[in-house]
Structures are given as structure tokens and as C-alpha cells.
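Shown next, in C-alpha cells, is the structure this report addresses.
Values in this document were obtained by computation on a predicted structure and should not be read as measured data. Residue numbers start from 1 in every chain, and the chains themselves are labelled A, B, ... in the order their sequence lines are given, proteins ahead of strands. Side chains are part of it too, since the values below use all heavy atoms of this structure and drop only hydrogens, waters and symmetry mates.
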Amino acid sequence: MDESLIRQFREIVGNTYVLDSIQERFSYSYDATPLYQSMPDLVIQPGDTEEIAAILKLASQHRIPIVSRGAGSNLSGGTVPVEGGIVLHLNRMNELMEIDTDNLTSTFQPGLVTADLHKAVEAKGLFYPPDPGSMRVSTLGGNVAECAGGMRGLKYGTTKDYVMGVQAVLPDGSVVRFGGKNAKDVAGYDITRLLVGSEGTLAVITEITAKLLPLPESTQTLVAYFRSLVDAAKTVSAIIAAKILPSSMEFLDHGTMHVVEDFSHIGLPLDMEAMLLIQQDGSTLQVEEDIERIASLCRSSGAVEVRMAATPQEGDELMTARRAALSALARVRPTTILEDATVPRAKLAEMVEQVNAIAKKYNVEICTFGHAGDGNLHPTCLTDERDKEEIERVEQAFEEIFHAAIKLGGTVTGEHGVGLAKARYLELKVGHEGLELMKRVKQAFDPLGIMNPGKMFAKDTRRRVVIGTHEHVH
Amino acid sequence: MSTSTKDTMTKELSNQAPVAESADSFVPQFDMNEIMNCMRCGFCLPACPTFRETGKEYASPRGRIALMKGIATGQLAIDQDFEDNMYLCLGCRACESACPAGVKYGRLVENARDAIETVKSMNASKTTDTQSDQTSVATAQGGSLQVAADAITANGAATGTLPLKHTVKRTAKESFVRNLVFRRIFLYPSRIEKMGTVLWAAQTLGLQKLADKTGLMRILPRSMAEMQKAVPKVASPAARRKRRTVVPPSGAASAAGVMQTAGGGAANRTRVASAATGVVTAGAATSVPAGASTGASMDGSIGSKTIRVGMFKGCVMDVMFFEANEATARVLSKAGCEVVFVEDQACCGALHAHSGEQWGALDLAKRNIAAFEKAGIDYVVNNAGGCGAALREYGHWFEGDPEWSERAKAFVAKLMDANELLAKLPEISFTKEVHARVTYQDSCHLRHGQGIWKQPRELIRQLPGVEYVELPGADQCCGSAGIYNITNFDLSMKILDDKMGKVVDTKANVIVTSNPGCLLQMRQGIIRAGLSDHVEAVHIMELLDRAL
Ligand SMILES: Cc1cc2nc3c(=O)[nH]c(=O)nc-3n(C[C@H](O)[C@H](O)[C@H](O)COP(=O)(O)OP(=O)(O)OC[C@H]3O[C@@H](n4cnc5c(N)ncnc54)[C@H](O)[C@@H]3O)c2cc1C
Ligand code: SF4
Ligand code: SF4
């Protein structure tokens, strides 16, 4: 990038917050998505909305791509600057501005870490339910831009159900504000909701107002083991049919159980095909009643063993298996690709069976776990990015998995977003006309196409494997 | 680990650093499998002090590993940025405790530093190098990376294919200091002793005051000048000579209830990590079952004979904190052990390993292994978290070495931190009341490197009269980190001042820690925060000793 231009950016934010050396930039060339990497031209850490507005104005003038970045924990290549440009690292803007106990809302900057918000509101007896597995590191800006889900999705929904208002900077530098603390607000298009899940392709979100709930009085945990996948899936349906909405219902398949047991030796019964971890929260009485009923529904739907946690600590221990899943899987092979094909929950068993069949067909190792209550599966492929031939097969297997999900009435991504990784499959889900409409929306916000270019909309039918982009034209 | 990495570790075992001809053809060897274990989830970011302080991705564990990978695959060169960054890392290994994938970051950063030092000695031995040094990946423009994964071969070894220039150089002053420290002093225990004597003389004769007055301190780096205020009064040569080399058991019964296997805990302990919270329950205790459960008798443990423990003195520890070592011996003796100050032991090698001088580390390790073999002891006990973590790596350092591998493993199997051993022995009956409000700062290498953090807290709680308060963020580095407070003074002091703010909030009047570096840092912190008149920092063994 031109020196004099860099100088202008330095004048906006100050020297320390503009990073331009090779090594500094290199560390912003990746995110948590395996196999993607690309160099930015510059990294800027803005301190407030005005600075962002000034940066975007200048970037527009010079047609420089802008890639917003929170913690870089997304799993769809969303922050990889495939077309170079500027990475806006928003971690300095992490202020929790307000917890409004009268209106039950909280207002904060996008760089605030999700778990820090949890801690702050819970200290006041309040509750912000979205809890992506990455909440210790992910930022709320990233959560909003990806519409992050989590384990509590079944009962409480995902990020979109909590965002009430946003402030954002458009690519030309203008600052807009939509929504707010009003519980009801139908003034015009719901731009707030449109920005949720927009993956940095429309605007930079600079302030968020979110809805809070009262913190549930207690939580209880139960684990159930099954000899067949179908029984586990049947159980999920039976519980919901009985009009119980557990706060989470997590699922581990045989492969995942095996790897978790190998890794953390917690005594999982390996002769089982699947396990469910179910949590309920609410008033103590209600929780106890629900858990009892869930336990008996598990048994009547074919669970071989059901265990209830007597104490919260025991509940935590039971959840260990689920929480250790990704870590355990990550250690098996050098490269771990976590996907999130999602189907209506009634199709859960069918989907898992298809994943297994596809894995076999392409001779790749895929373990599946995920949010059973939401039909949100994480088929996780254990592979090695250095083995070109195997990666090719992995690619084919995932392609088939996405097609299978769509056929079952599902979607190509439940919570990780489209980014680069799923851009090629978006049309599968929304159709040609749908895609064209989305492109026109993008055009309306970002006529110059500088906001996170290359994401969401595939330029070509490029495979997901793009380490370095030598074939890249820019 | 890949064979190639092992080779670099064990190749040069003499006292001489390896000298290569040219840095241009140099391909740094990294353990690619370990690097690839990092899935870039970022869970380590909030745990990392340098990331928290700077907010820059490159100063995070994930960033550093990515840069190492860039270098190993020939995408990046070893330049000044890389060097600064690898030494900005505190080596506290808090990232390891937070990592759900169990990436052994500590080893990786040692590798990286070793590569840096190798390049530097190569570039130093080159006579002329007039060409531009800034060429590294000058072509790395936005939207592209010049070298793709092709550079990584399937068998794990990385081979850079680009003609990258590794540009770091050693200045004359740096060469002199490194040579002095790593080759002339720390390889020779007797010379460290002598330094202790000089330090003692200086303190006793008031040279320090003299130095202060004459402004001698002004020409020393600011970091050294501040540090020296915190250096404790060192023991006199006469006091040193009086040390008994064997301290017999004085406690009620001979030590009981200790299991057959010790140490090695860090290597094979179960890490039940949490993807949701990033919490890792790591306990050496889980892999080292207590005596009762292994069937060892409740008295006299190994057969019926008294446990004989070899004290690993630690070089800095023994000079600066001679009394803490004496206290450790008294406490262990009270717990029923026979304590031997093993002859011919050397520095643990941590300083060398952390500073890219792996050849020196190996040499020291061998001397220690041999010395403790000769001493016929049941356990090797140390009281410095930093040393302990390095000693536990001996097995890893000699992996694949036909002569030393087994001996190193046997050494590690006998290794125990003093806190760890005491927690396994029957509770000592402390007799004296210690009236104090006590808080505890973890030694990073004890907690994150060895998984020992419950034991010291439990021991402190056992002391009569002590009121224990947990220090919020006690698991976070104090900024001492070996010689970090000298090399990265400003950041170190920033971290320290934050820490002292939390100490003040606890209203404790004693800060306990379990590592000499942390102890010095705490003392410096107390001085900086103006707390000297009512707060003191002591080694945990000294506190226990006060209650005997
Ligand atoms: C181990 C692991 C577990 C995970 N578990 C879950 C889970 O359970 N549920 C789930 O939904 N996700 C999960 N994720 C994915 C990821 O953590 C989420 O997508 C998270 O929301 C990303 O937050 P971030 O701060 O890291 O955002 P980043 O990765 O930095 O950015 C994500 C996207 O948001 C955009 N963006 C970031 N900030 C802004 C802003 N202020 N304005 C505009 N655009 C912005 C970026 O351009 C990018 O497109 C997991 C990831 C990992 C590694
Ligand atoms: S927590 Fe571990 S796997 Fe995740 S980025 Fe850090 S080092 Fe890599
Ligand atoms: S060792 Fe400490 S300072 Fe270094 S990367 Fe890990 S957490 Fe950060």
C-alpha cells in the first residue's frame, strides 16, 4: 500500500494502531477456519466510531477492501482478506456501556468478549443466552455478524433473537442507527435484523443493544446412552412432542465418544452408538419435574442408561464429554474441519446416517456431534492439509453432505456463516433468484464492493481449499 | 515429534554452540506436527498476558504459532520483528492451560528461539553482508501469499523453498553478554557460587550504596537498576559452608503414603479440556495416584525405609534464596524425609532452553542426570517452579538419544515439586502460629507447566494462624518470566503494577510464591507500590518453615 496513504490512516488512529510490517500483517491472514490464508495490506485497530467512519471514507475513495475482525474465531473464513485490503481489528472497542435493569437491555461495543458480557449481566441476576462454544474468546460484534448460536439455541434461540438495535458505519463513512430499546418497533425495514448475520459484507457494526432475560434460578443435567442413533433421535422428538423445551440437547456419535474417551478417560461406554446430554433450566421445582420426565422419556425411547447429575459440579462433569469433543477430535489428526450442516430436528438420525455413509464412500474420517435439539450437526473431518489427495476427497465428501442436508429440508450452515467456505453452496439453499436478491441488497449498501469482498457470494466455483491464492486475480 | 527436530536438539552436545556457514541456506526445523495441532481457535488469546496488554494478534500464542508456521514453511523469514516477538513472549505457558487441543507451546517457542540464535550466530560468522537485508517476503502483498502449502511435505518436515533471507543479527554487545552468561557463567556452578560471594561482599560492604551514590547505577540499564533493589540479602560464604549436606528426618514417622511413581506428571497427566469454557482441569495428581490406592503402606512407603530425597538446589535459587533451600530441607525433614544436597548438580538448563541455547541446556541436563543417579535417592525434589518445568522436559529433550533417553526418563520419573511431595506425605503437625493474612501468586511454570496449583494453597491453609485469601488472577504471569523483566522492562512493569493493584485489594500482608523469579518480581512490585513497610514476599517453603 502506498506510503502516503498509510500515513493518512496513521493520522486517523495513531501510530501504534496501524500495523504494516510483514509479520504483523501475516498474523491477520487467517482465522479459525482451516485451509484459508491470505495477506492483508494493512491492519488498523480503530478506537471509536468516528475513526471507523474516517477510515471507511478514505477506503472508499481508494477502493480498498475492508475486512472487519473480532476475535477471528469464525469457522467460515469470514475474516480472511482474500482480496487484501485493510483488516479492521475491533478489539479496542470493547466497552460495556450499559446494563439497563429497568428495560432489561444491555448496550455495548462490538469488541466486547461474549463471556465478559455473560459475567457482567449474570452478576446482576440477568441472562444473555447465546453461548457459542467459543464465547470465552469470540466478540459480540463477531457473534452478531455471524448470528452465532450455541448450546442454548433450542429453548432460547440465537443471537438474532436478542439484538434490538445497532449502530453501524456504511462504506461511505456515514453512521446509521436502527432499532433500540423499544420492545416494539416497526418503523421501516428491519435493518437491525438484516445486519445480524451480514458477515461484515454490508457495514461495520459499532454498537449493539441487546435484550436480556432474568437469570434462571437453577440448571440440571442428564446424560443418556443409546445403542442406536435412531433411538437417540427418537428421544429428541419424544421430548419435544411432550412439550418440554430443554435449554440444551447435545449429541455425540460413536466416533466422537471414542475419541473423547481416548483423550480424557472419563469412562464413556464405548459399546454405545450415541449419547445425549440434556440440560434444563428454570425455577428449581419446574427443572426437577422436567428432568424426571425427560429421564423417563429417554428410557421409554430406548436409552440403555440414564444418569442425572445430583449437583451442579456433577452436571459440569457430565458436560465434559461434550465440551471435550472438539479438543479431543483436534488432536487426532493435524487438520480438523468442523462443519455445521443443519436439518429440521426430525431428520437428525437420517442426516447422521448419511454423513456416516458419505464418510465411508470417500474413505475419510468424520465424527459427528452437535446441537441435537436444533438439528444443528457438526460433522467434523479429521484430516491433514498436507495430503492433497485426501483433502480432495474431504472436499467431495462435504459437498455431498451439503447436498444431503438440503434434500432433507436443511441448510448448508446453521450457525457458522457462509464466508468463503460455504459461498459456493449458498445458491443450493436460497436458489438463483434468492441469490440475485441478496446481491442487490449488498449493492445497495456497498456499491463499490469494498466490504469484505469475496465472502458470501462466490466469484467462481472454486473449491474450498485455498491456502495462499496464487491463482488469485486482483 | 519429527525426527528432524530431535536431531537439532541432540546434535551438538559439546560446550560449543553450533556454528554454521551461512544463514541463507538455513531452514529452521520446527516440530510441524505440534504446530499443526494448533487449530487456530483462539481460546488461548484471553489467557495470554502479552495479548491482553498489547491487543495485537501477533503477540498472542495463536499469532506466534502462525508466524512459526510461516517460517517453517518458507513463507516468512526470521527477521527483527520475529525475534522481538518471540522474546516478548513471557514463556509463562498460560496458553497451554487454556488450549483445548493441548498444543505444547512452551516447546515451540524454545524451538523458535533456538532458530533465531542459530541464524544470528550464522550471520555473525559471515564476514560481509552488504546486500540489502530487507528483502524477506517483500512481495507479500495483500490478497496473496507467495508460498503455498506445497512447501509442507506430507511427512511432517517443513522445507522452505524460497530464497528467503533470515536477517536477524547479533550486536557485538549482545554477543558478549550472551557468551558471558550462557557459556562462561551458567554452565559452571562454581562460578555462580562466586557471583554469590561477590554479591554478598558488595551488599555487606555497602558497595551498593556507594554505587547508588556515585551514580554507578545510572549507567546500568534501568531494568537492572530497579531490579537490584529487590535482590534479597544473600547468604555469606560462611553460612553456605555451614550447610549440612544431608539433613536427617526429624518428623514423627518416616515419610509415608508415597506412591511408587512420581514426576512425569506433566507429561502424562490427563487434561480434560473444555471447548465451551476453555477450562482445563489439569492435575498432576490424577496421574499420580496417592499411596493408599497403589497399595503402598501408610508408613515408610517404599518398602519400610525412609524416603531419601535429593534436593535440586537451582542455581539462582541457591545464590539468592539460600535460606529458602535450607527451609525446604527442614520442612521435608519434618515431614519424615532424609534430605540430601546432591553434589555436582548444575543449573537446570531452563535459562538456556528459553533463550535459544539448546546445546547448553542439554549439557547441563546430562550433568544433573548423572549427579542424581549417583546419589541413590528416591525422589528428586525442587522448589522452583521454573526449574521443575525444565527438569520435567528432560525426557523430551533426549527423545531418541540412545545413550541418554532412558536415563532422562528415569530422572523425570523421580521428579517432584516440594509442594507436590508434601501434599502426598502425611500432614505435618505445625506447632507455631503464623499470624498473617496470606495470598498466593502462582508460578506459571508450576501451574501451567506442571499442573501444580492446588497443593501450595492447601499447604498454606494448614498453617495455624494463617488467614488465606485467593488473589484474583493468581494464575496470570507476574511479568517476571526468567529474565523478561530485564529484556522487556516496560511491559513487565506494566503487568507487575496491575498485579500489585490486585494484591492491595486482597489486604494480604504476605505474598507467597514458589519460584525465585516470581519472588524477586513480587519484591520489586512491593517496592514499586510503596508497600514495603507492611507487605512482604516469601517463598512458600519459608512460610511453612516459620510454622515448624
Ligand atoms: C472452538 C470453536 C467453537 C465454536 N462454537 C460455536 C458455536 O457453538 N456456535 C456458533 O455460532 N459459532 C461457534 N464458533 C464460531 C465463531 O466463534 C463464531 O462465529 C463467532 O461469532 C465469531 O466471533 P469473532 O469475534 O471471532 O468474529 P470474527 O471471526 O472475527 O468475525 C466473524 C465475521 O464477523 C465479521 N465481523 C466481526 N466483527 C464485526 C463488526 N463489528 N461489524 C461487522 N462485521 C463484523 C467478520 O468480518 C467476519 O465475517 C466456534 C468457533 C470455534 C473456533
Ligand atoms: S488455544 Fe491452542 S489450538 Fe487454539 S489457537 Fe491457541 S494454541 Fe492454537
Ligand atoms: S507463554 Fe505466556 S506470554 Fe507466551 S504466548 Fe503463551 S500465554 Fe502468551
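Per-residue counts of heavy-atom pairs under 4.5 Å with chain A were compared for B/Ser60, B/Gly55, B/Cys41, B/Gly63; the largest is that of B/Gly55. Of the listed residues (A/Ala71, A/Ala115, A/Gly150, A/Ser27), the one with the most heavy-atom contacts under 4.5 Å to chain B is A/Ser27.
Interface residue B/Arg62: backbone and side-chain heavy atoms are both found under 4.5 Å from chain A. For A/Ser73, the parts lying near chain B are the backbone and the side chain together; criterion is any non-hydrogen pair under 4.5 Å. Only the backbone of A/Asp31 comes within less than 4.5 Å of a heavy atom of chain B; no side-chain atom from C-beta onward does. In this structure, chain B has no heavy atom under 4.5 Å from any part of A/Leu42.
Counting only N and O atoms by type, the side chains of A/Glu339 and A/His416 include no donor and acceptor under 3.5 Å apart.
Residues in residues 62-74 of chain A take part in these salt bridge (charged side-chain N to carboxylate O under 4.0 Å, His left out) pairs, two or more places apart or across chains: A/Arg69-B/Glu57.
A cation-pi arrangement, defined by a distance under 6.0 Å to the six-membered ring centre and an angle within 45 degrees of its axis, is present between A/Arg92 and A/Tyr17.
Classified by interplanar angle (parallel below 30°, tilted 30° to 60°, perpendicular above 60°), the ring pair A/His378/A/Phe369 is tilted.
Considering only residues two or more places apart in sequence or on other chains, A/Asn452 meets the side chain to side chain contact (heavy atoms under 4.5 Å, CB included) condition with A/Val67, A/Thr201, A/Lys455.
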